[in-house]
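The structure appears right after this line, and notes come after that.
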Amino acid sequence: MKRIVYILLMVAIVSLGLASRRVAWLPVGCGDALWAMMMYCLWRIAFVRRTLRWIALCSLSTCYAVELSQLIRWPWLVSFRSTTVGHLLLGQGFLWTDLVAYTAGILIIYLLTHCVAELLWLRRSE
C-alpha cells in the first residue's frame with residue numbers, strides 16, 4: 001500500500017514539476033526542489049521498509065551526485081543531457097543554488113511524510 005501512495009505522490013510531484021516550467025511566478029528553484037522530492041519518492045518506492053531518515057539521506061546524496069556529475073564533460077554525457085529526457089534526469093549545468101533547492105525539497109518532503117506517519121501511528125494506537 002505504501003508503494004502505491006508514493007507512486008501517486010510521485011506522479012503528482014512530476015506533474016507539478018513539469019507545470020512549474022510554464023508558470024512564470026514560481027521561483028526558479030521550485031523545479032529543482034520538486035525534482036529532489038521525486039527522487040525521495042523513488043527511493044521510498046524501492047526501499048519501503050527503510051526509515052524515512054535513511055530515504056532522505058539517500059535521495060539527497062543522489063541529488064548531490066547528479067548535480068556534481070554536471071561538472072563532467074564527457075561528449076556522450078553532454079550529448080545525452082542535450083536531449084529532453086537527459087535534461088530532465090541529469091540537468092545541464094552545475095549550480096550551487098541547485099544544491100540548496102535539493103536540500104529544501106528533501107527537507108520539506110521528509111517533514112511532510114514524517115508528520116503524516118506520526119499522525120497515522122497515533123491514530124492506530126488509539
Side-chain angles (χ1 to χ4, degrees):
M1 182 64 177
K2 284 182 189 177
R3 280 190 176 97
I4 293 170
V5 170
Y6 279 96
I7 288 169
L8 294 174
L9 181 59
M10 189 176 71
V11 168
I13 289 169
V14 168
S15 299
L16 281 173
L18 292 173
S20 75
R21 301 173 140 260
R22 299 191 187 338
V23 179
W25 54 267
L26 284 175
V28 175
C30 182
D32 294 318
L34 290 166
W35 187 85
M37 291 176 175
M38 180 210 57
M39 195 57 59
Y40 180 95
C41 290
L42 283 173
W43 275 96
R44 189 67 175 154
I45 290 164
F47 298 98
V48 74
R49 287 190 166 78
R50 299 301 297 242
T51 66
L52 295 178
R53 181 175 290 149
W54 187 86
I55 298 297
L57 289 173
C58 288
S59 53
L60 190 59
S61 297
T62 302
C63 292
Y64 282 9
V66 167
E67 189 66 25
L68 290 171
S69 78
Q70 293 172 10
L71 296 170
I72 299 170
R73 296 290 173 200
W74 296 327
W76 66 268
L77 192 54
V78 171
S79 177
F80 178 66
R81 284 191 183 114
S82 68
T83 66
T84 302
V85 173
H87 179 72
L88 289 173
L89 292 177
L90 300 178
Q92 280 292 80
F94 177 82
L95 293 172
W96 286 102
T97 54
D98 288 353
L99 299 176
V100 174
Y102 297 149
T103 304
I106 296 296
L107 185 60
I108 290 167
I109 196 163
Y110 169 78
L111 290 173
L112 284 172
T113 56
H114 181 73
C115 289
V116 168
E118 288 294 318
L119 285 172
L120 292 175
W121 180 81
L122 289 173
R123 270 199 195 150
R124 277 188 261 151
S125 65
E126 290 179 353

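Here the structure is a predicted model, which means the values were calculated and not measured.
With sequence neighbours excluded, the residues satisfying side chain to side chain donor-acceptor pair (under 3.5 Å) with Thr62 are Trp43. Qualifying side-chain contact (heavy atoms from CB on, under 4.5 Å) partners for Val48, counting only residues two or more places apart in sequence or in other chains: Lys2, Arg3. Applying the side-chain contact (heavy atoms from CB on, under 4.5 Å) test to Val14 and every residue at least two apart in sequence or in another chain returns Met10, Leu18, Met38. Shown here are the ring pair (Phe, Tyr, Trp, His ring centres under 6.0 Å) partners of His87, two or more places apart in sequence or in another chain: there are none.
Between atom SG of residue Cys30 and atom CG of residue Leu16 there is a gap of 7.5 Å, rounded to the nearest 0.5 Å. Of the inter-residue distances, the one linking Leu57 atom CG with Ile106 atom CD1 reads 9.5 Å to the nearest 0.5 angstrom. Here the CD1-SG distance, from Ile55 to Cys41, works out to 10.0 Å after rounding to the nearest 0.5 Å. Ile108 contributes atom CD1, which lies 12.0 Å from atom OG1 of Thr113 (distance to the nearest 0.5 angstrom). For the atom pair CG (Leu89) and CE (Met39), the distance works out to 7.5 Å, reported to the nearest 0.5 Å. Here the straight-line distance linking atom SG of Cys63 with atom CE of Met37 works out to 11.0 Å at 0.5 Å rounding.
Side-chain contact between Tyr40 and Leu52: present, with at least one pair of heavy atoms (C-beta onward) separated by less than 4.5 Å.
Listed by first and then second residue, the side-chain hydrogen bond (donor to acceptor under 3.5 Å, both in side chains) pairs that reach into residues 6-15 come to none, sequence neighbours excluded. Among pairs with a residue in residues 71-86, those fulfilling side-chain hydrogen bond (donor to acceptor under 3.5 Å, both in side chains) read Ser69-Arg81, at least two apart in sequence or across chains. Among residue pairs with one or both ends in residues 47-60, none qualify as side-chain hydrogen bond (donor to acceptor under 3.5 Å, both in side chains); sequence neighbours excluded.
Under the 4.5 Å side-chain heavy-atom criterion for grouping Ile, Leu, Val, Met, Phe, Trp and Tyr, Leu60 is connected to Ile45 within one hydrophobic cluster. Using a 4.5 Å cut-off between side-chain heavy atoms of Ile, Leu, Val, Met, Phe, Trp and Tyr, with links allowed through other members, Val5 and Ile7 fall into different hydrophobic clusters. Ile109 and Leu119 are not part of a single hydrophobic cluster, where members link through side-chain heavy atoms under 4.5 Å apart.
Counting only distance, with no hydrogens or angles, the side chain of Trp35 and the backbone of Leu88 share a donor-acceptor pair below 3.5 Å.
Counting Ile, Leu, Val, Met, Phe, Trp and Tyr side chains that sit under 4.5 Å apart, directly or through other members, Leu8 shares a hydrophobic cluster with Ile4.
Nearest heavy-atom pair, Gly31 versus Ser20, reported as atom, atom and distance to 0.1 Å: CA-OG, 3.8 Å.
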Let me check something: any side-chain donor-acceptor pairs from residues 92-103 under 3.5 Å, sequence neighbours excluded? List them with distances.
from   : atom 1 : to    : atom 2 : distance (Å)
Tyr102 : OH     : Glu67 : OE1    : 2.9
Thr103 : OG1    : Tyr64 : OH     : 2.5
Thr103 : OG1    : Leu99 : O      : 2.8

Verdict with reasoning, Val78 to Ile72, per side-chain contact (heavy atoms from CB on, under 4.5 Å)
CA-CA 8 Å; Val78 171; Ile72 299 170; over 6 Å; no
